[in-house]
Structures are given as structure tokens and as C-alpha cells.
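The chains referred to below are lettered A, B, ... by the order of the sequence lines, with proteins before strands, and numbering in each begins at 1.
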Number of protein chains: 2
Amino acid sequence: MARPYDVYEARCPTRMVLDRIADKWAVLILDRLRAGPVRFNHLRRDINGISQKVLSQTLKRLERDGLVSRAVFPTVPVTVEYTLTPLGHTLTDTVAAIAHWAERNMDAVLKAQAAYDARAGAG
Amino acid sequence: MARPYDVYEARCPTRMVLDRIADKWAVLILDRLRAGPVRFNHLRRDINGISQKVLSQTLKRLERDGLVSRAVFPTVPVTVEYTLTPLGHTLTDTVAAIAHWAERNMDAVLKAQAAYDARAGAG
DNA sequence: CCGTATCCGCGAGGATACTG
DNA sequence: CAGTATCCTCGCGGATACGG
């Protein structure tokens, strides 16, 4: 609106948001939710290597930021589904692009690292 | 490319790359370099709040990953310019989109947080 | 099944001082 | 100007155990 947010300002609230969404786990979670609702333990299995605590924390923050919604179904045992909100959907394409960039350009990065290390090592 | 990289695998090298580029400071640096070469202390001033150490570290990693190149000019005192590589350019649009998403949707996020906190506090 | 609670190591990253 | 070196804090995130 009238107030221009500037992510380059140290005290701008956008910095908090940037810190949340520019996060490895958040990126993977948001990307994983693109296809539809996913249950907690399903996410846990899919995102190989994430701990229960960190998954829980990250989901809670994403929910608080309005990117993800949490639905509890009173089955026995209880079922919980996480779904992208409309706001979340506006972000996932961007976030998914980052994850996929890593996959597509992995070889180039590895090559660059090898060249850099060779230069540093040899002189 | 016989080998398919999968960012959901814990031991996939793409995880390292994702960890690097899904980083607040890296995002800001890459976005800042879009317009052209920038000197070290200029970056330091522009990216409000970043420390000298972290800027140096992040730039070195980005250089190692082949996203940024470093050019030294033998002036007195010495001048150092950081520039995006072609590989870096393939990433900046995506990365910039994240930073700008934060600015554009800040109000929505703040509103969601307020609603969440009200719910959590009241009942 | 879906979490919360607790302990704790480790490394990111800020502050400060110094060098080429 | 463009860093490196050092110290120190703080909280991320893994491991484990337990509750709803």
C-alpha cells in the first residue's frame, strides 16, 4: 500500500519473512505441498533427513505466516492434514523454482567448485 | 545426465546447494548484483545489517559455487568488483522473486500472524 | 498417529581489532 | 578499500523420551 517495504533495510519486517521462506526446510515443505494436502508423518518420510521437531516448528511458523493451513480430523488415531493456503500458492512456484534450479544446475556447480578448489590448491 | 538429482534425498549434493541459495544473505547479495558489478564495501552498505565477516564468507561461497566472479583492480587502494556469472544470472530472477514476494505480501503475512496470535491467545 | 518437552552440541554469525 | 583473525554468544537443529 502506501508504505513501501524494503528488504534491504535491517529493521524492515520483510527481513523476518525472508528469513523464514529463504530456508531449506521451508522450501522443501512448500514444494511438497504443491500437489495437495499431506499428513504430518507423510511429510516426515518424504523430506528425507528432517527431524520431527524441525518439521513441527517449520510447519507451525508457516501456518502462523498464513502460508499453510492445518486441518485435524477426529479419527482414531487422529489425522492431520497440511494444505497450502491461497497466499501459500502465490509463493510455491517461486520456491519450487529454487529447488529445481539446484537439481538442474548441480553439475555446473560441482564443476565450478572443483575448478575453484584446484586453483586454490595449485596456486 | 544419466544421474537424476533429487533434492528430497538427504545425501543428495543438491541439499548443499539448496542450503546455500536458500539463505537470506545470499538472496540479498544475488539480487543486489543483478544491476551490474558492485564493490565490497558498497554491498556492505547496501545490505543493511550484514556483517563484514558474513558478507565475505557468503561471497566466497557464491564464488566457489560459480555464481559470482571476483575481479581485482590494482588501484591504490585496491578495488574489488563482484559480478554475476552466466550461471549466477540463471538463478537471480528466481531469487529476486522471493525477496520481492516478501515485500509485496508483507501486509498479508502480518495480518495472518495477528489472526494466529489472537486465536492462540484467546482460545 | 501426531505431536510436545527437554537436553545439548555445534556452528552461524555479530563485535572488535588488525593487515595488505 | 578490502579483507583476515579472534572471541563469544545464541539459537538451530538432532536425539531422545513422553503425552494426547
**Q** Give a yes-or-no answer on whether the side chains of Tyr116(A) and Asp65(B) include a donor-acceptor pair shorter than 3.5 Å.
**A**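 No - no donor-acceptor pair under 3.5 Å links their side chains.
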
**Q** Round to the nearest Å and state the distance from Gln57(B) atom CD to dA15(C) atom C1'.
**A**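 Roughly 14 Å, once rounded to whole Å.
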
**Q** Between dC1(C), dA2(D), dG13(C), which nucleotide has the shortest distance from any of its atoms to the side chain of Val54(B)?
**A** dG13(C)

**Q** Please figure out whether Trp25(B) or Pro77(B) has its closest DNA chain C nucleotide nearer the 5' end.
**A** Trp25(B)

**Q** OP1 or OP2 of dC2(C) versus the side-chain N and O atoms of Arg39(A): is any pair under 4.0 Å?
**A** yes

**Q** Taking only the side-chain heavy atoms of Lys53(B) (C-beta and beyond), determine which of dC2(C), dC7(D), dA2(D) contains the nearest atom.
**A** dC7(D)

**Q** Do Asp31(B) and Tyr8(A) have side-chain atoms, one donor and one acceptor, less than 3.5 Å apart?
**A**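 Looking only at side-chain atoms, Tyr8(A) and Asp31(B) do form a donor-acceptor pair, the distance falling under 3.5 Å.
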
**Q** Gln52(A) near the nucleic acid: base, sugar-phosphate alone, or nothing, with a heavy-atom cut-off under 4.0 Å?
**A** base

**Q** Of the nucleotides dG13(C), dG3(C), dT4(D), which one has an atom closest to the side chain of Tyr82(A)?
**A** dG3(C)

**Q** Expressed in angstrom and rounded to an integer, what is the separation of Arg20(A) atom CZ from dG11(D) atom C1'?
**A**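 Answer to the nearest Å: 13 Å.
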
**Q** For dA2(D) and Arg44(B) - does any side-chain N or O of the residue sit under 4.0 Å from the phosphate oxygens OP1/OP2?
**A** no

**Q** Identify which nucleotide among dG3(C), dC1(D), dG14(D) has an atom closest to any side-chain atom of Ser51(A), counting heavy atoms from C-beta outward.
**A**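 Selected nucleotide (nearest to the side chain): dG14(D).
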
**Q** Distance check needed: dC1(C) P versus Leu55(A) CG, whole Å only.
**A** 14 Å

**Q** Tell me the interatomic distance from Asp46(B), atom CG, to dC1(D), atom P, rounded to whole angstroms.
**A** 13 Å

**Q** Taking 4.0 angstrom as the limit, do Asp117(B) and Arg64(A) come out as a salt bridge?
**A** yes

**Q** Could you give the CG-to-C1' distance, from Leu59(B) to dG13(C), as a whole number of Å?
**A**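 Rounded to the whole Å, the gap is 15 Å.
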
**Q** Between His42(B) (NE2) and dC1(D) (P), how many Å, whole number?
**A** 11 Å

**Q** Check this one for me: any side-chain N or O of Arg70(A) less than 4.0 Å away from OP1 or OP2 of dG3(C)?
**A** yes

**Q** Atom CG of Asp19(B) to atom P of dG14(D): distance rounded to whole Å?
**A**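 Result: 10 Å.
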
**Q** Okay, side chain of Thr90(A), backbone of Leu87(A): is any donor-acceptor separation there less than 3.5 Å?
**A**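 At least one qualifying donor-acceptor pair exists.
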
**Q** Given atom CZ of Phe40(B) and atom C1' of dT19(C), what is their separation to the nearest angstrom?
**A** 14 Å

**Q** Are any of Ser56(A)'s side-chain N or O atoms less than 4.0 Å away from OP1 or OP2 of dT4(C)?
**A** yes

**Q** Looking at Asp93(A) and Arg34(A), does any basic side-chain N land under 4.0 Å from a carboxylate oxygen?
**A**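 Yes, Asp93(A) and Arg34(A) are salt-bridged.
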
**Q** May I ask you to evaluate whether Lys24(A) reaches the phosphate of dC12(D), defined as a side-chain N or O under 4.0 Å from OP1 or OP2?
**A**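 Checking Lys24(A) against dC12(D): no side-chain N or O falls below 4.0 Å of OP1 or OP2.
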
